[in-house]
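Structure first, then comments.
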Amino acid sequence: QLDENKDGKISLQEFKACWRYWFKQILSPVSALIIIDVQNDFISGSLALKHCPSGQDAEEVVPVINKLLDEVNFDVVVYTRDWHPADHISFAENAKHREMDHSSLVSSEDAKLFDVVRFAGPPVTEQKLWPTHCVQNSVGAEYHKDLKIVDNSFNISKGSHSNIDSYSAFWDNMKLSQTPLAKELGKRNVTDVYLCGLAFDICVSFTSIDAAEHGFRTTVIEDACRSVDCTDALKMKNKMKEAGCVIVNSQHVIPDM
Ligand code: VGL
Ligand code: ZN
């Protein structure tokens with residue numbers, strides 16, 4: 001949206017916005033594939049995911065992602081991982097040792113798996129309670145053994161602070177602190193990000209919405225993702241589209257398919 005002043009000129013600030021969101025992407029696009037949380041616990045472990053609605057399992061994303069790595073010339077590749085300490089706030093088994101906010105609908109004693117509770121903090125946070133998963137240095141936190149790790153890629157760990165969860169690979173869930181992801185993409189002049197991995201309705205969707213908000217042209221490769229919950233997948237798909245993300249299948253980004 002341009003506001004010309006009286007002389008028909010635009011401000012430097014407006015020009016910069018045009019450059020960042022528009023010209024730079026056309027004149028010198030730089031692409032990054034962001035591979036979200038392809039870790040054992042989301043495939044064969046405590047939080048094994050299913051495809052919606054057909055029930056295919058999460059392991060099937062691995063060859064699709066490997067094919068993307070082989071056949072598409074991404075300038076940058078990023079692997080993210082959920083990387084929780086054992087006392088992490090998102091684990092249902094830890095909830096009974098934590099104080100709830102007075103507004104929480106569930107008490108510490110009653111809290112059970114998949115409940116949404118409000119912890120006293122600080123900061124006060126709404127949290128869905130998950131099975132224990134992706135504990136730092138555990139086998140469950142390792143990338144799937146068949147996932148290709150390419151040269152010149154980098155890793156982003158998230159959810160490493162005990163008292164706050166991080167679905168997005170850019171921000172914690174309260175947007176209090178950022179991971180290095182935005183800075184690292186910026187350093188490499190990335191304009192376009194492509195997302196795939198686990199889980200579509202949680203970490204992929206939160207990361208893609210933040211990517212669009214950061215001004216990246218954002219594409220989500222849906223057949224290279226799996227979800228925790230099919231209803232949430234539909235809901236989050238609409239939110240991603242509202243945020244400006246484009247949702248495609250791998251055949252749309254692999255040349256000559
Ligand atoms: C995730 C649930 C809890 C994810 C992480 O990577 O999608 N889901 N922690
Ligand atoms: Zn997690």
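Atoms considered below: every heavy atom in the structure, side chains included; atoms not considered: hydrogens, waters and symmetry mates. By convention here, the first residue in the shown sequence is residue 1.
- In terms of heavy atoms, Phe74 sits closest to Leu68 at CE1-O, 3.7 Å.
- Residues Trp130 and Ile164 do not share a hydrophobic cluster, clusters being chains of Ile/Leu/Val/Met/Phe/Trp/Tyr side chains in contact below 4.5 Å.
- Using a distance-only test at 3.5 Å, with no hydrogens or angles considered, no donor-acceptor pair links the side chain of Asp172 to the main chain of Ser166.
- Residues Phe200 and Arg226 are not in side-chain contact: their nearest non-hydrogen atoms beyond the backbone lie 4.5 Å or more apart.
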Fill in: Glu126/Val116 under side-chain contact (heavy atoms from CB on, under 4.5 Å): CA gap, chis, key distance, verdict
CA-CA 7 Å; Glu126 192 169 277; Val116 176; 3.5 Å; yes

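- Ring pair His133/Phe91 is perpendicular by interplanar angle, where above 60° counts as perpendicular and below 30° as parallel.
- Of the possible donor and acceptor atoms, none in the side chain of Ser90 sits under 3.5 Å from a partner among the backbone N and O of His88.
- A distance-only check finds a donor-acceptor pair linking the side chain of Ser108 to the backbone of Arg98 [under 3.5 Å].
- Between the Gln39 side chain and the Asp82 main chain, a donor and an acceptor come within less than 3.5 Å of each other.
- Side-chain atoms of Asp201 do not come within 3.5 Å of backbone N or O of Ser227 as any donor-acceptor pair.
- Judged as a ring-ring contact (aromatic ring centres under 6.0 Å, His included), the pairs with a partner in residues 145-170 (not counting sequence neighbours) are, in order, Tyr167-Phe206, Phe170-His214.
- For the atom pair CG (Asn163) and OG1 (Thr125), the distance works out to 8.0 Å, reported to the nearest 0.5 Å.
- In this structure, the side chain of Ser138 does not engage the main chain of Cys134 through any donor-acceptor pair within 3.5 Å.
- Considering all non-hydrogen atoms of both residues, Asp37 and Lys158 come closest at OD2-NZ, 2.9 Å.
- The shortest heavy-atom contact between Cys225 and Val220 is SG-CG1, 4.3 Å.
- A 4.5 Å side-chain heavy-atom check between Leu195 and Ile221 finds every atom pair outside the cut-off.
- Side-chain N or O atoms of Ser46 include one that pairs as donor or acceptor with a backbone N or O of Thr132 at under 3.5 Å.
- Between Leu113 and Pro131, the shortest heavy-atom contact is CD1-N, 3.3 Å.
- Under the 4.5 Å side-chain heavy-atom criterion for ILVMFWY residues, no single connected hydrophobic cluster contains both Tyr194 and Val64.
- Under the 4.5 Å side-chain criterion, counting only non-hydrogen atoms from C-beta, Asn94 is not in contact with Ile89.
- In terms of modelled atom types and a separation under 3.5 Å, the side chain of Asp223 and the main chain of Asn249 share no donor-acceptor contact.
- Taken from CZ in Phe119 to CD in Glu99, the straight-line distance is 11.0 Å, to the nearest 0.5 Å.
- Residue pairs that meet the side chain to side chain donor-acceptor pair (under 3.5 Å) test with at least one member in residues 110-120, sequence neighbours left out, are Ser103-Arg118, Ser107-Asp110, Lys112-Asp115.
- Under the 4.5 Å side-chain heavy-atom criterion for ILVMFWY residues, no single connected hydrophobic cluster contains both Trp83 and Tyr143.
- Lys16 NZ: 12 or fewer foreign heavy atoms inside a 6.0 Å radius.
- In terms of heavy-atom proximity, Glu71 sits nearest to Pro255 at O-CD, 3.5 Å.
- Taking OG of Ser208 as the start and CD of Glu213 as the end, the distance is 11.0 Å to the nearest 0.5 Å.
- Cluster annotation: Ile209 is not connected to Leu176 through the hydrophobic network of ILVMFWY side chains, with a link wherever side-chain heavy atoms come within less than 4.5 Å.
- Applying the side chain to side chain donor-acceptor pair (under 3.5 Å) test to pairs two or more places apart or on separate chains, those with a residue in residues 232-245 are Glu222-Lys237.
- Residues Lys128 and Asp165 are not paired through a salt bridge, judged by the lack of any N-O separation under 4.0 Å between the basic side chain and the carboxylate.
- In this structure, OG1 on Thr219 lies 10.5 Å from CE on Met240, to the nearest 0.5 angstrom.
- Summarising the geometry, atom CD belonging to Glu59 is positioned 11.5 Å from atom CG belonging to Leu147; distances are rounded to the nearest 0.5 Å.
- No donor-acceptor pair closer than 3.5 Å links the side chain of His144 to the backbone N or O of Val38.
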Determine, stepwise, if the pair Val77 / Ile35 fulfils side-chain contact (heavy atoms from CB on, under 4.5 Å).
CA-CA 8 Å; Val77 176; Ile35 302 168; 4.0 Å; yes

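- Checked by atom type and distance alone, the side chain of Thr207 never pairs as donor or acceptor with a backbone atom of Val204 at under 3.5 Å.
- Residue Val30 is grouped with residue Val150 when hydrophobic side chains (ILVMFWY) are merged at heavy-atom distances under 4.5 angstrom, including chains of intermediate members.
- The shortest non-hydrogen separation linking Ser162 to Asp87 is OG-OD1, 2.8 Å.
- More than 12 heavy atoms of other residues, nucleotides or ligands sit less than 6.0 Å from atom CG of Asp70.
- The structure places CG of Leu185 at 7.5 Å from CD1 of Ile156, a figure rounded to the nearest 0.5 Å.
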